[in-house]
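First comes the structure, then the notes that go with it.
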Amino acid sequence: MPAARYGHAMGPTILVIEDDDAIAAGLVRVLHSQGYEARRVAAGLPALAAITDAVQLVLLDLGLPDIDGIDVCRRLRGARPDLAIVILTARDAELDIVAGLDAGADDYLVKPFRLPELLARVRAHLRRAVPASGDASPAAVLQVAGVRIDAAARRVHRDEQELTLRPKEFDLLALLAAEAGRVVTRERIMRDVWDTDWMGSTKTLDNHILTLRSKLGDGAISTLRGIGYRLET
Ligand code: CA
């Protein structure tokens, strides 16, 4: 291993959990080409053992040879609330996707996906998971809807109690808070939080609104049916 791989210039670490050798090799190759540190494991149990604090994002195939990918997802989320988890499904399996999101995944890609799309998602998740140090924006603490949001530290407190938010839940809350009292359309949320114009399925958004509501308390987020959401001041 070249020593440089462990130097300060090392990119974010991504764990690829995929049993298909050809797909895994392609993923690792393209991630390396973009400067990411990428490692691959071919099954679920080794994946659970390979999750260290250095890993910031996982690409998780749901169809694994040893244990259920959904179970892997749930256990990864339990161990690492801050980890970005993107599930890969073999086909447009709505039930797998919903189960994966319920198990704590932040996002999903349906195979076969295009590599530029994969890289766009990876960039978006890592940008949010790892804010560059030293670029904290001023006056980044917002007090709204009974919660205190520290954008630079990516921490949220409610009644002096810190809330554990998944990366995308934080981004969603930050967006709604920036527009508190006003409606934010579903289109804008998909674009700003998920970097996509694709509205074919917004189950990811629905799921995040649901969990955010349970954490913020009743009445914090209003639904404007067919339009969007509003964080109440
Ligand atoms: Ca598989």
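Owing to the predicted nature of the structure, the values given are computational and were not obtained by experimental measurement. Quick note: residue numbers are just sequence positions, from 1. Counting convention: from 1, in listed order, for ligands and their atoms alike.
- Residues Arg121 and Tyr108 fail the side-chain proximity criterion, which asks for heavy atoms closer than 4.5 Å.
- Of all protein atoms, those that are N, O or S and lie under 3.0 Å from the Ca ion (ligand 1) total 3.
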* Steps toward salt bridge (Lys or Arg N to Asp or Glu O under 4.0 Å) verdict (Asp171, Arg166) -> CA-CA 9 Å; Asp171 296 334; Arg166 286 147 52 186; over 6 Å; no

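- In terms of the side-chain hydrogen bond (donor to acceptor under 3.5 Å, both in side chains) criterion, residue partners of Thr223 (sequence neighbours excluded) are, by chain and number, Arg213.
- Applying the ring pair (Phe, Tyr, Trp, His ring centres under 6.0 Å) test to residues at least two apart or on different chains, the pairs with a partner in residues 204-231 are Trp194-His208.
- Applying the salt bridge (Lys or Arg N to Asp or Glu O under 4.0 Å) test to residues at least two apart or on different chains, the pairs with a partner in residues 46-63 are Asp61-Lys111.
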* Under the side chain to side chain contact (heavy atoms under 4.5 Å, CB included) criterion, do Arg230 and Glu179 qualify, and how do the steps go? -> CA-CA 8 Å; Arg230 180 178 61 225; Glu179 301 287 346; over 6 Å; no

